[in-house]
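Working notes, structure below.
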Amino acid sequence: MREKILLIDGHSILNRAFYGLPDLTNSEGLHTNAIYGFLNILFKMMEEEKPDYLTVAFDLSAPTFRHKMYDAYKGTRRPMPQELRQQVPVMKDVLGAMGVPILSMEGYEADDLLGTIAKRSEAKGMDVTVLSGDRDLLQLATDHICIRIPKTKGGKTTIEDYFAKDVQEAYQLSPLQIIELKALMGDTADNIPGLPGVGEKTATKLLLEYGSVENAHAHAEEIKPNKAKNAFLEHYDLAVLSKDLATIRIDSPVEYDWETARIHDLYTQEAYEFFKELEFKNFLSRFEETGNTSKAEEHFATITDFAKAEELFALAQKKERVGLELLEEKGMILGLGLAYEEEGDLQVYGMLPQGFVTEAYLLDKAKMLCQQGNAVASLNVKAMLRHMDLDHHTAMFDAQIAAYLLNPLKSEYAYDDIAREYLGEMLPAKEDLLGKLSYSKAAAEKEEELAKSVCYMAYTALKARQPLLEALEAAGMKKLYTDMEMPLLFTLSDMEKEGIRVNAEELKEYGEKLQVRIAELEKSIWQQAGEEFNINSPKQLGVILFEKLQMPGGKKTKTGYSTAADVLEKLAADYAIVSDILEYRQLTKLKSTYADGLAGYIDEGGRIHSTFNQTITATGRISSTEPNLQNIPVRTELGRLLRKVFIPQDGYVFLDADYSQIELRVLAHMSGDEKLIQAYREAQDIHRMTASQVFHIPFEEVTPLQRRNAKAVNFGIVYGISSFGLSQDLSITRKEAEQYIKNYFETYPKIKGFLDNLVQQAKDEGYVSTMFGRRRPVPELKSSNFMQRSFGERVAMNSPIQGTAADIIKIAMIQVSRRLKEENLKSRLILQIHDELLIETAEDEVEQVSAILEQEMKGAAELSVSLEIDMHTGKSWYEAK
DNA sequence: GAACTCACG
DNA sequence: ACGTACGTGAGTTCC
């Protein structure tokens with residue numbers, strides 16, 4: 001049997017991977033997407049080809065002779081972006097660690113080396129595969145040399161294979177004629193000029209007729225398209241040069257020893273370390289046979305026996321610290337993980353409900369451990385609290401919240417990530433153990449693995465506790481964790497349990513009323529369009545409006561026409577169908593998301609229980625899901641009417657209090673700008689005051705338009721001002737927007753300095769902070785992409801403001817709920833909407849609760865401007881707002 | 001599952 | 001020159 005060699009064009013494949021994959025980084029901020037993509041395709045090739053030899057060729061960074069010649073023709077190449085450049089040496093190191101030889105040579109491109117080794121290997125009787133993204137290499141194809149070119153089509157990578165016959169088939173030319181083809185048509189990507197005006201079509205035609213560049217030239221006078229004829233006559237030198245540029249050398253004087261290229265084991269210990277460092281979790285399972293996986297499992301045991309469970313819980317109770325994970329999904333207890341130290345040895349147990357070890361039993365034991373003063377470490381304390389009531393002062397450690405504070409940008413805080421970052425251990429992820437199964441499904445199908453999962457969770461929570469606390473301390477966020485996030489966790493848990501009462505019948509009627517109008521609009525829209533189509537499909541709608549009805553302003557998104565509201569609003573005045581569509585959109589949104597959507601969440605008690613997420617946002621705000629009760633309509637009257645279905649229980653009213661412009665007040669305080677602080681001390685209407693000061697007009701003479709503009713500028717400042725954004729918002733030119741901003745900064749000079757300082761700080765430290773020390777990393781500032789960098793600047797300006805406001809209301813929430821409890825009131829905090837608190841208030845407690853809200857919200861932070869609130873009562877959320 | 005749209009602060 | 005305002009979650013369509 002013939003031996004096989006795989007030759008890879010290193011830069012070409014890295015380049016492809018870099019542009020084809022989203023921007024991955026490891027926790028140190030090293031970009032890894034190109035390396036990841038390279039390895040992915042390498043492993044795929046290894047499985048498909050099973051080669052005996054493997055070598056990767058790289059260009060040396062110094063420009064080669066051929067490129068120098070070309071540069072004389074057409075400037076310089078675009079430099080490699082820093083995000084890719086930094087991956088090249090790492091890639092070489094990884095290959096080195098896997099025992100793969102790297103081939104480079106001064107004065108020779110990777111192409112030349114690949115060509116040379118391919119031919120030599122063929123001569124030795126081997127089958128050769130060359131992997132590259134570069135079609136130039138097709139000239140090397142023979143019966144035994146196959147060029148493989150990966151192509152990405154619609155997110156999927158397919159590989160095109162070219163032996164000599166495939167080249168012939170695809171191009172009607174022999175492999176060697178590919179050189180001639182390039183010489184004639186050129187290749188901008190590869191810096192080959194070619195003949196002006198000659199493209200692939202003409203070039204192929206000429207070659208089919210004359211066979212080569214030289215022969216075509218010899219018959220130049222008879223060449224048919226005049227354009228090509230003239231090109232030959234006037235620019236033949238270009239074709240000659242191009243041919244030389246396009247020719248891959250197969251006689252490079254490179255030393256090559258096949259034995260060093262022979263593949264032994266790619267999955268070495270050294271490679272494992274690299275993969276860990278790069279955080280390529282998916283690849284680590286490949287190392288399993290080499291015995292490199294975590295040793296944690298040696299301490300694990302699955303407990304099924306009731307007596308043994310009893311014994312272990314009794315032991316655990318005596319421990320000062322335990323790791324405890326109660327795995328729950330949709331109200332069901334699916335398992336319990338328990339970890340503690342026994343005579344210096346870590347013991348970890350997984351238990352699933354079965355036999356005498358019932359759900360209730362596990363719950364009971366978990367609760368006992370929490371209550372008996374063991375400092376319990378868990379990944380998600382609030383999930384555990386769903387099934388038990390604990391005093392707010394119970395000592396608990398929440399690993400996910402700690403990890404969130406340390407890096408709020410992650411989308412999830414899974415145990416394997418926490419273990420990797422804070423313990424330096426690679427644990428099998430949930431997916432490795434359970435595949436794509438949900439926990440509930442795993443409970444039925446993969447019991448052993450599920451038990452292992454809860455072990456890993458309890459193990460990680462317990463072991464990572466100290467490192468996480470130390471990291472919080474080092475980052476100056478220990479207080480934030482202990483005095484803000486952990487107390488808030490209990491408050492949020494209470495809010496989730498309370499829920500909010502909803503009048504189901506009224507909600508249903510609201511939906512039915514909408515449906516009547518929706519049906520009318522649908523008919524009207526179809527009638528005006530002259531056909532029935534799916535109005536909900538932006539694609540179909542775009543075709544109707546911009547093609548069939550020929551409306552102006554088409555094209556905007558990658559996939560077609562934009563039919564977003566701001567586009568349609570511009571057309572609504574001229575086209576009746578468009579205003580119908582806008583109304584249709586509004587109503588169907590209200591119907592599906594709110595009328596129908598919320599109905600599904602009402603429990604037997606007539607209440608809706610949202611989940612308040614504490615580890616989602618980048619800035620420190622909380623978020624609300626299933627359902628989201630932080631985006632209930634209010635801006636339009638029709639939407640606002642929906643709030644009439646949110647009602648307090650009998651004998652209660654709603655008390656709603658929201659901060660007045662908290663972010664702008666935070667800005668005034670943090671910047672220390674005297675003029676803005678003074679403005680707040682004097683004026684009721686800050687936007688009017690801003691207008692008066694920025695436009696230099698008396699307060700009384702500010703027009704509504706001027707006030708509106710000033711308000712937009714105020715918002716813009718908080719969002720991280722840009723003239724473009726402001727001009728969009730106000731429908732003015734960028735120049736005018738620039739002038740507004742300039743005026744604003746002249747009026748409030750310290751604000752400019754404050755914002756500039758935030759950006760500088762983000763660049764220096766890599767993060768910005770709130771008044772309470774909460775951090776937000778801003779990695780975008782390091783990007784070589786202008787847009788990303790600009791985004792980073794706006795984030796640096798906005799996050800401390802939005803985040804400080806979030807901190808303040810968190811403090812208020814903790815204090816308000818504490819006082820409601822301490823003063824033995826029946827009233828309960830039930831919702832938070834970023835700057836607003838909603839209290840279900842007993843009718844006889846309204847006065848007392850109003851006073852509490854007033855004191856605690858205003859007193860949540862000591863700023864150089866006062867914190868003001870607006871407060872209302874009502875028999876529904878509609879009335880109370 | 002990504003893209004689009006739209007509800008909120 | 002580049003092409004956007006900051007922070008979220010959910011429903012629908014379509015590949």
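Chain letters run A, B, ... following the sequence lines, proteins first and then strands; every chain starts at 1.
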Next item on the list: Just name whichever nucleotide pairs with B/dG9, Watson-Crick or G-U, keeping both distances under 3.5 Å, else none.
Entry: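 Pairing partner, where one exists within any strand: C/dC6.
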Among [options], the one nearest [X] by side-chain distance:
X	options	answer
A/Ala618	C/dC14, C/dG7, B/dG9	C/dG7
A/Glu626	C/dA10, C/dC14, B/dT5	C/dA10
A/Val634	C/dG9, B/dC6, B/dG9	B/dG9
A/Pro538	C/dA5, C/dC14, B/dC4	B/dC4

Note to self: Do A/Glu736 and A/Thr733 pair up side chain to side chain, a donor and an acceptor below 3.5 Å, judged on atom types alone?
What the structure shows: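 Yes, a side-chain donor-acceptor pair sits under 3.5 Å.
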Check: Is the closest basic N to carboxylate O distance between A/Arg607 and A/Glu840 below 4.0 Å?
Finding: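 Salt bridge present between A/Arg607 and A/Glu840.
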Notebook entry, point to check: Is a donor-acceptor pair below 3.5 Å formed from side chain A/Lys539 to base C/dC14, judging by atom type as modelled?
Noted result: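 Not at all, since no donor on one side and acceptor on the other fall under 3.5 Å apart.
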Notebook entry, point to check: Hey, does the side-chain of A/Arg794 have a donor or acceptor N/O within less than 3.5 Å of a partner on the base of C/dG7?
Noted result: no
Note to self: Applying the 5.5 Å / 30° rule, does A/Phe724 stack onto the base of C/dT4?
What the structure shows: yes
Margin query: Looking at A/Thr617, I'd like to know whether one of its side-chain N or O atoms comes within less than 4.0 Å of OP1 or OP2 on C/dG7.
Written below: no
Item checked: B/dA7 phosphate, OP1 or OP2, under 4.0 Å from A/Arg585 side-chain N/O ->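 False: A/Arg585 side-chain N/O out of range (4.0 Å or more) of B/dA7 OP1/OP2.
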With sugar-phosphate meaning primed atoms plus P, OP1 and OP2, does [X] contact a base, only sugar-phosphate, or nothing at under 4.0 Å between heavy atoms?
X	answer
A/Ile801	nothing
A/Gln802	base
A/Asn628	sugar-phosphate
A/Asp729	base
A/Thr588	nothing

Next item on the list: Using a 4.5 Å cut-off on heavy atoms from C-beta on, say whether the side chain of A/Lys810 contacts that of A/Ile622.
Entry: yes
Notebook entry, point to check: What orientation do A/His687 and A/Phe715 show, parallel under 30°, tilted 30 to 60°, or perpendicular over 60°?
Noted result: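 Geometry flag for A/Phe715 against A/His687: parallel rings.
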Note to self: Could you tell me how far B/dT5 sits from C/dC2 if I compare only their C1' atoms? Round to whole Å.
What the structure shows: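 To the nearest whole Å, 26 Å.
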Next item on the list: Using the C1' atom on both, measure C/dA5 against B/dA2 and round to a whole Å.
Entry: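 It works out to 24 Å between them.
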Next item on the list: Take A/Tyr744 and A/Tyr740, measure what ring-ring contact (aromatic ring centres under 6.0 Å, His included) needs, and give me the verdict at the end.
Entry: CA-CA 6 Å; A/Tyr744 185 93; A/Tyr740 282 9; over 10 Å; no
Next item on the list: With DNA chain C as reference, determine whether A/Asn613 or A/Phe786 sits nearer its 5' end, using the nearest nucleotide of each.
Entry: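 In this pair, the answer is A/Phe786.
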